[in-house]
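A short write-up of the structure that comes next.
The residues of the chain are indexed from 1 along the displayed sequence. All of these numbers come straight from a predicted model, not from anything done at the bench.
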Amino acid sequence: MERLVQSRTVKWGDCDPAGILYTPRVFDYITEAVEAWFHDVGGVHWMEMIGDGKGAPTVHTSVDFRTPMEPGLALNVAVLLEKVGGSSLSFRILGDGADGIRYFEGRLVSVTIDFATRRSIPMPAELRARAEAYAAVHGAG
């Protein structure tokens, strides 16, 4: 099983007037990488889950910025899995440049819920099996 890595290029429109990545944009990078993980690794499309009355919203996210990111920077955004809980997945997301520099390190926790009750529910068995297999190879805990 391969580690999920998304290639990105920091765009001018992602940056603030100082010419570095606008802080909130990195949360888009992190969320988009986790969404790709759910689809490509977990076998779950977020919109299909929502259509079934279920979801996996973010309940925590954080980021540490290591080095400023400028327009044109090529990034590899990698997704590791720190923990598989009863209804939660704790991800670690690494933003590394082709130059070997770590530009950011983020964390995101997602919880499976039932939208009707707004309460957490046990993670679907297939998603849990895929998550555990991924964590065994690409764990960060």
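- Interatomic distance, OG1 of T31 versus CZ of F91, reported as 11.0 Å (0.5 Å rounding).
- Taken together through direct or relayed side-chain contacts under 4.5 Å among Ile, Leu, Val, Met, Phe, Trp and Tyr, W37 and I113 form parts of separate hydrophobic clusters.
- Considering all non-hydrogen atoms of both residues, T112 and P124 come closest at CG2-CD, 4.1 Å.
- Checking side-chain atoms of S110 against main-chain N and O of A56 turns up a donor-acceptor pair under 3.5 Å.
- Partner of R102 under the side-chain hydrogen bond (donor to acceptor under 3.5 Å, both in side chains) criterion, chosen from D96, D64, T67: D96.
- F115 is connected to M47 through a chain of hydrophobic side-chain contacts under 4.5 Å among Ile, Leu, Val, Met, Phe, Trp and Tyr, so both are in one cluster.
- Using a 4.5 Å heavy-atom cutoff, the side chains of L89 and V84 are in contact.
- Ring-plane geometry between F38 and W46 is classed as tilted, the angle between the planes lying from 30 to 60 degrees on a 0 to 90 degree scale.
- Between the side chain of R107 and the main chain of S62, no donor-acceptor pair closer than 3.5 Å is present.
- Contact detail for A33 and V77: the closest heavy-atom pair is CB-CG1, 3.8 Å.
- Residues Y29 and T9 share a closest heavy-atom pair of OH-O, 4.4 Å.
- With R128 contributing its side chain and G86 its backbone, the two residues share a donor-acceptor pair below 3.5 Å.
- A heavy-atom distance below 4.5 Å is found between the side chains of L75 and F104.
- There is a path of hydrophobic side-chain contacts, each under 4.5 Å, that joins V44 to L81.
- Considering all non-hydrogen atoms of both residues, P68 and I20 come closest at CB-CG2, 3.9 Å.
- Contact annotation: the side chain of F27 never approaches that of L108 to less than 4.5 Å [non-hydrogen atoms, C-beta and beyond].
- In this structure, the side chains of Y134 and L4 come closer than 4.5 Å at one or more pairs of heavy atoms.
- Taken from CG in D28 to CD in E35, the straight-line distance is 11.0 Å, to the nearest 0.5 Å.
- Taking 4.5 Å as the limit, every side-chain heavy atom of D52 sits out of range of all side-chain heavy atoms of M49.
- Of all heavy-atom pairs spanning S87 and S120, the tightest one is OG-CB, 3.6 Å.
- In this structure the side chain of T23 reaches within 4.5 angstrom of the side chain of F65, judged on heavy atoms.
- Side-chain atoms of H138 do not come within 3.5 Å of backbone N or O of A78 as any donor-acceptor pair.
- No side-chain heavy atom of V10 sits under 4.5 Å from any side-chain heavy atom of E70.
- Residues R8 and E32 meet the side-chain proximity criterion, which asks for heavy atoms closer than 4.5 Å.
- Of the possible polar contacts, one joining the D16 side chain to the G19 backbone as a donor-acceptor pair under 3.5 Å is found.
- Hydrophobic clustering (ILVMFWY, side-chain heavy atoms < 4.5 Å, transitive): Y103 and L21 are in one cluster.
- Hydrophobic cluster membership is shared by I101 and I93, with clusters built from Ile, Leu, Val, Met, Phe, Trp and Tyr side chains linked at under 4.5 angstrom.
- The minimum heavy-atom distance between T58 and H60, with the atom names listed, is CG2-O, 3.4 Å.
- More than 12 heavy atoms of other residues, nucleotides or ligands sit less than 6.0 Å from atom CE of M1.
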